[in-house]
Amino acid sequence: MSAPTLRRDLVTNRLVLVAPGRRGSPRDFAPPTLARDASKCPFCPGHETHTTVTRAERRDASGRWTARAFANLFPMARPDAAVEPDATATHEVAASVGDHEVIVETPDHGVDLADLSDAHTRAVLDLYRERCRTMAARPDARAVLMFKNRGPRSGASLHHAHGQVISLSVSPPGVRRRDAISRKHHAQHGNGALAEARDRELAAEVRLVEQTPRFAVFCPFAPHRSYETWIVPMAPSPSLARLDDAGLDALAPLVGRTLRRVLAATEGADYNLVLRAPALRHWGAPWALWSLEILPRRGGDAGFELSTEMQCVLTTPEESARALRAL
Ligand SMILES: [Zn+2]
């Protein structure tokens, strides 16, 4: 299997992950009419041998696993990744070193994270927190990603509810850009950019969905998707990996409730759930702050987005927040 590599484009200076090994990954969405057949699902109970061995799990009182983590068979980063000499390479190339895990969120094939009890959601978030901590402790880790793809328009390849945690040996461009903006904002104004956005939304109120003692939930002023919604901690904290148990208690019902609101408002749109966190070297910085973003997905980028690298959003975040508050 060819190792995943990071290539840089000479024209755009963009980094691209080239991962031919992922071509073999199972896909039960394509063709779209294919039945979502639990009998062949590698994430269903009884099929544990269809995945790599369990690295961590949560169990209920009866001993049945309720969430489990294991290495991705088709990784975007590998501990042993290396670049093979290639005389045809026209620009920079580097090995995609790191680790990549799948976290199955429920034993039930047809159920999503949004359908789980608060206690089950807390167990899932606790497992994500643990896996983020483990990934962050890797000596080669520079950034830890956590995300969940739900539905074919989100990029998911399997129906059974799951998420992914990845460690990378480089800070990817999106993380690097956000870190640079937040660091500069803190130097100039004494507040990180995400904390500033949160505080301005709390003051403006019009895009606020909900505020609790530990978290603010709002639709951002300039969203990338209709009904895009952010969950941001009130206190400084660099990552979900550093959230304490009381924070997890508060986060679990909020994640469930916010997902259900967004799904109701979008009539069950596919979505991505993405953890935004600074690169590991900034976790001690005063501006370091994480968030969870829910990004509903109705279709891929069209010609306008491809031409401009600018998203066109059809619902204002003020309308989105009003609808979400009403649900
Ligand atoms: Zn399944």
Side-chain angles (χ1 to χ4, degrees), residues 1 19 21-76 99-132 134-135 145-166 252 255-256 258-260 262-264 266-275 292 294-297:
M1 191 194 299
R22 289 184 56 75
R23 268 207 304 269
S25 67
R27 291 178 183 274
D28 65 5
F29 282 121
T33 52
L34 191 72
R36 289 167 181 175
D37 185 358
S39 69
K40 297 191 187 74
C41 174
F43 296 165
C44 272
H47 295 176
E48 289 82 359
T49 56
H50 298 199
T51 70
T52 59
V53 294
T54 301
R55 286 183 176 179
E57 64 187 0
R58 295 293 178 271
R59 290 181 179 269
D60 63 16
S62 68
R64 183 177 85 137
W65 66 259
T66 53
R68 59 184 287 260
F70 47 88
N72 195 315
L73 262 175
F74 307 96
M76 291 178 160
D99 204 355
H100 186 172
E101 289 184 0
V102 175
I103 286 84
V104 174
E105 298 170 333
T106 163
D108 297 320
H109 185 74
V111 164
D112 184 34
L113 181 61
D115 308 317
L116 302 178
S117 68
D118 289 344
H120 192 156
T121 302
R122 192 194 185 285
V124 170
L125 293 173
D126 182 40
L127 186 56
Y128 277 123
R129 179 177 67 169
E130 179 200 310
R131 302 323 297 161
C132 285
T134 302
M135 289 286 194
L145 320 177
M146 187 276 265
F147 56 84
K148 167 183 167 65
N149 306 325
R150 181 66 183 171
R153 289 192 180 89
S154 74
S157 49
L158 288 170
H159 177 66
H160 196 127
H162 67 285
Q164 301 173 58
V165 176
I166 301 179
V255 165
T258 307
L259 275 176
R260 287 189 290 276
V262 171
L263 289 170
T266 59
E267 295 171 325
D270 295 347
Y271 70 89
N272 300 107
L273 178 71
V274 180
L275 171 68
L292 283 177
I294 300 166
L295 296 145
R297 301 295 299 274

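Read the numbers this way: they start at 1 and go in the same order the structure lists the ligands and their atoms.
Sorted by first and then second residue, the salt bridge (Lys or Arg N to Asp or Glu O under 4.0 Å) pairs with a member in residues 38-54 read D37-K40; sequence neighbours excluded.
A distance of 12.5 Å separates CG in L295 from CG in D270, rounded to the nearest 0.5 Å.
Electrostatic pairing of K148 and D112 counts as a salt bridge here, judged by a charged N lying under 4.0 Å from a carboxylate O. Classification of E105 and R150 as a salt-bridged pair fails, no side-chain N sitting under 4.0 Å from a carboxylate O.
A donor-acceptor contact closer than 3.5 angstrom links the side chains of R68 and T51.
For the Zn ion (ligand 1), the count of nearby protein N, O or S atoms, meaning those under 2.8 Å away, is 4.
At least one side-chain heavy atom of V262 sits less than 4.5 Å from a side-chain heavy atom of P296.
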